[in-house]
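Below, each value reflects all heavy atoms present in this structure, side chains not excepted, and no hydrogens, waters or symmetry copies. Quick caveat, the model's predicted, so the values are computed rather than measured. Residue numbers start from 1 in every chain, and the chains themselves are labelled A, B, ... in the order their sequence lines are given, proteins ahead of strands.
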2 protein chains.
Amino acid sequence: MRRSQIDAAWKGTAECRNCGIRDLVLFADLTEPDFSLIHLPIDEMTFPPGATLYDAEGDGHSVFTIRSGLVKLVQYLPDGTQRIVRLLRPGAVAGLEVLVGTTHQHTAVALQEVAVCRIPRDVIERLSRETPRLHRQLMQRWHQALQQADDWLTELSTGSARARLARLLIQLAGDAPDRPVRLFSREDLGAMLGITMETASRTVAEFKRQGLVREIAPNVALCNVPELREASGID
Amino acid sequence: MRRSQIDAAWKGTAECRNCGIRDLVLFADLTEPDFSLIHLPIDEMTFPPGATLYDAEGDGHSVFTIRSGLVKLVQYLPDGTQRIVRLLRPGAVAGLEVLVGTTHQHTAVALQEVAVCRIPRDVIERLSRETPRLHRQLMQRWHQALQQADDWLTELSTGSARARLARLLIQLAGDAPDRPVRLFSREDLGAMLGITMETASRTVAEFKRQGLVREIAPNVALCNVPELREASGID
DNA sequence: CGCACCCTTGAAATTACTCAAGTTCAGTGG
DNA sequence: CCACTGAACTTGAGTAATTTCAAGGGTGCG
């Protein structure tokens with residue numbers, strides 16, 4: 001907690017015009033004159049694993065474009081239970097809700113070293129008023145988030161612990177089934193799947209024993225996608 | 001299935017200018033000249049309980065503003081399991097995703113007699129291009145949907161069956177704790193809470209026995225909100 | 001009346017949770 | 001260099017919750 005703010009490192013003011021991943025980000029469609037409407041600095045920042053990008057307390061003044069790394073969005077129940085409601089990958093935008101209300105709905109925490117662009121709310125609002133080219137992108141981000149939320153519910157909160165974990169691993173492996181996947185802490189796994197830490201641990205262990213994943217380094221695993229797919233349906 | 005399309009009843013072409021609930025709907029902020037941009041008919045329709053507004057197969061050409069009644073959004077897993085991912089109330093918009101892609105992501109089914117306005121995608125797209133007054137409303141709908149999705153996950157897919165049902169009932173009672181609440185079929189309850197029909201049935205029965213709800217007519221109940229709140233936290 | 005459909009209930013089997021003890025491992029200080 | 005510590009993970013055993021499978025109501029409708 002204590003470290004969250006302190007840990008953020010400022011990397012300079014972003015030069016959006018020359019952004020290396022601009023086709024991926026919110027400003028993809030902006031034209032040269034549009035950029036002159038940006039009257040507040042957009043900061044490039046990095047956060048180490050465990051650092052908080054923003055939380056649900058306090059006003060939200062900015063949205064964040066994820067440039068690299070992985071972010072979890074956490075929501076709490078009154079009794080203190082926490083659920084991870086989404087993972088954000090590069091290209092995603094965190095904190096869109098400040099464009100409608102003024103507070104964030106989640107706590108956003110870096111799971112790995114994360115690089116972001118922090119965009120003041122006013123910048124988005126002004127661009128949104130003055131140029132239609134941002135709309136399509138904004139709509140796409142909203143859509144992306146909502147689709148992910150719905151899928152998260154049906155895939156990761158339905159069925160046995162075994163089936164849920166299998167589906168999560170398939171998601172993480174994505175379209176590159178051979179690329180190793182970083183596993184999360186057992187506590188985070190539990191919060192994603194709606195199960196306890198112990199059940200998460202046991203299920204991971206079972207997957208290793210049965211060869212559905214092969215651990216090639218501590219908390220890094222190769223997925224046996226066909227067998228995982230099997231496990232995601234049955235059970 | 002067979003009845004879904006047949007059952008829809010056409011009630012005429014909507015006169016949005018004079019809409020009785022316009023402050024509630026998507027077109028709330030439009031001005032007189034904006035309406036002239038609407039070049040395709042917006043139909044008022046009603047659906048009986050059980051009818052399908054649209055489904056995930058086939059192209060989506062329209063979004064729907066819910067004028068009255070209650071709609072469930074259903075998503076299916078490959079193995080046939082179904083989850084209800086959201087409930088739509090009057091004022092909500094169903095099918096926003098066709099503004100980004102071209103297909104619907106859910107199957108939308110009326111739970112009660114439902115009245116809607118069916119708005120062709122092209123109408124929204126044109127208005128969206130030409131007038132900024134729709135943007136704010138669109139953003140609010142996206143936000144509303146996303147917030148509901150996240151809350152649905154943390155509240156209705158976390159904890160014991162008892163706690164989940166209690167939270168659902170509290171949601172349904174809303175700000176009018178004395179107004180009777182219609183219960184859903186046990187199958188729908190299960191699909192909302194991620195539990196089986198039998199567990200849903202047993203838990204409802206238990207709530208009745210323990211006085212957390214009082215059934216004043218078949219499938220209509222009064223909620224004892226304080227005790228429900230109790231049950232939603234403990235367990 | 002009899003059939004369909006939905007809901008309820010029971011009993012056994014399974015799954016997941018809880019609580020508790022042990023393990024591993026990295027970081028710290030003697 | 002090594003013991004010590006804390007944090008995260010693992011594992012076991014008992015318990016609680018949920019699912020599964022099966023049978024038995026109730027109600028509306030042809």
Side-chain angles (χ1 to χ4, degrees), chain A residues 1-3 48-50 72 77 79-84 109 111-112 156-168 182-210 213 215 217-221 231-235, chain B residues 1-3 48-50 72 77 79-83 109 111 156-168 182-210 213 215 217-221 231-235:
Chain A
M1 300 297 106
R2 182 185 88 269
R3 327 185 65 214
K72 64 175 175 182
L77 269 87
D79 69 354
T81 321
Q82 65 167 35
R83 285 262 353 222
I84 297 174
V109 178
L111 284 176
Q112 310 166 358
L156 304 187
S157 298
T158 305
S160 64
R162 200 176 143 81
R164 295 182 194 189
L165 179 61
R167 295 195 201 105
L168 175 62
R182 268 170 188 281
L183 296 183
F184 305 110
S185 79
R186 300 302 176 260
E187 186 136 9
D188 279 348
L189 278 179
M192 290 177 204
L193 304 177
I195 58 181
T196 59
M197 205 197 61
E198 292 93 331
T199 301
S201 174
R202 280 185 242 267
T203 311
V204 170
E206 191 190 323
F207 277 17
K208 284 190 224 162
R209 256 180 278 121
Q210 300 180 345
V213 302
E215 194 170 36
N219 271 329
V220 179
S232 75
I234 325 291
D235 299 304
Chain B
M1 299 299 106
R2 182 185 87 269
R3 325 184 66 214
K72 65 175 175 182
L77 270 87
D79 69 355
T81 321
Q82 65 168 34
R83 285 271 342 227
V109 178
L111 284 176
L156 303 188
S157 299
T158 306
S160 66
R162 200 176 142 83
R164 296 183 195 188
L165 179 60
R167 295 193 201 107
L168 175 62
R182 270 171 186 280
L183 296 183
F184 305 110
S185 79
R186 299 303 175 260
E187 185 136 9
D188 279 348
L189 278 179
M192 290 178 204
L193 304 177
I195 58 181
T196 58
M197 206 197 62
E198 292 92 332
T199 302
S201 174
R202 279 185 243 268
T203 311
V204 170
E206 191 190 323
F207 277 18
K208 284 191 226 162
R209 255 180 280 122
Q210 301 179 345
V213 302
E215 194 169 35
N219 270 330
V220 179
S232 75
I234 324 291
D235 298 306

To the nearest angstrom, the CD-C1' distance between A:Glu187 and D:dC9 comes to 11 Å

Output yes when at least one side-chain N/O atom of A:Ser201 is less than 4.0 Å from OP1 or OP2 of D:dC9, else no. no

Evaluate side chain to side chain donor-acceptor pair (under 3.5 Å) for B:Arg83 paired with B:Ser157, printing each intermediate quantity in order. CA-CA 11 Å; B:Arg83 285 271 342 227; B:Ser157 299; 3.0 Å; yes

Check the distance between C:dC6's C1' and B:Met197's CE and give it to me in whole angstrom. 8 Å

Confirm from the modelled atom types if B:Arg202 and D:dT20 form a donor-acceptor pair under 3.5 Å, side chain to base only. yes

Using whole Å, report how far CG of A:Leu193 lies from C1' of C:dT15. 15 Å

Can you tell me if the side-chain N/O atoms of B:Thr199 get under 4.0 Å from OP1 or OP2 in D:dT19? yes

From C:dC7, D:dT10, C:dC17, nucleotide with atom closest to B:Ser185 side chain: C:dC7

Enclosure of B:Glu187 CD (heavy-atom neighbours >12, cutoff 6.0 Å): no

Rounded to the nearest 0.5 Å, what separation is found between the CD atom of A:Gln82 and the CG atom of A:Leu77? 10.5 Å

Rounded to whole Å, please give me the gap between CZ in B:Phe207 and P in C:dT8. 14 Å

How would you label the contact of A:Ser160 with the nucleic acid (heavy atoms, under 4.0 Å): base, sugar-phosphate, or nothing? sugar-phosphate

I need the CZ-C1' distance between B:Phe184 and C:dC6, as an integer number of Å. 17 Å

Within less than 4.0 Å of OP1 or OP2 of C:dT8, is there a side-chain N or O belonging to B:Lys208? yes

With nearest nucleotide decided by heavy atoms, which residue, A:Ala161 or B:Glu198, maps closer to the 5′ end of DNA chain C? B:Glu198

Expressed in angstrom and rounded to an integer, what is the separation of B:Asp188 atom CG from C:dC5 atom P? 16 Å

Where the side chain of B:Arg167 meets the backbone of B:Ser232, is there a donor-acceptor pair that is under 3.5 Å apart? yes

Just the rounded figure in Å: distance from P of C:dT18 to CD1 of A:Ile195. 12 Å

How close or far is atom C1' of D:dG25 from atom CZ of B:Arg186, stated in whole angstroms? 15 Å

Side chains of A:Val204 and A:Val213: closer than 4.5 Å at any heavy-atom pair? no

Side-chain N or O of A:Arg162 less than 4.0 angstrom from OP1 or OP2 on C:dT15? no

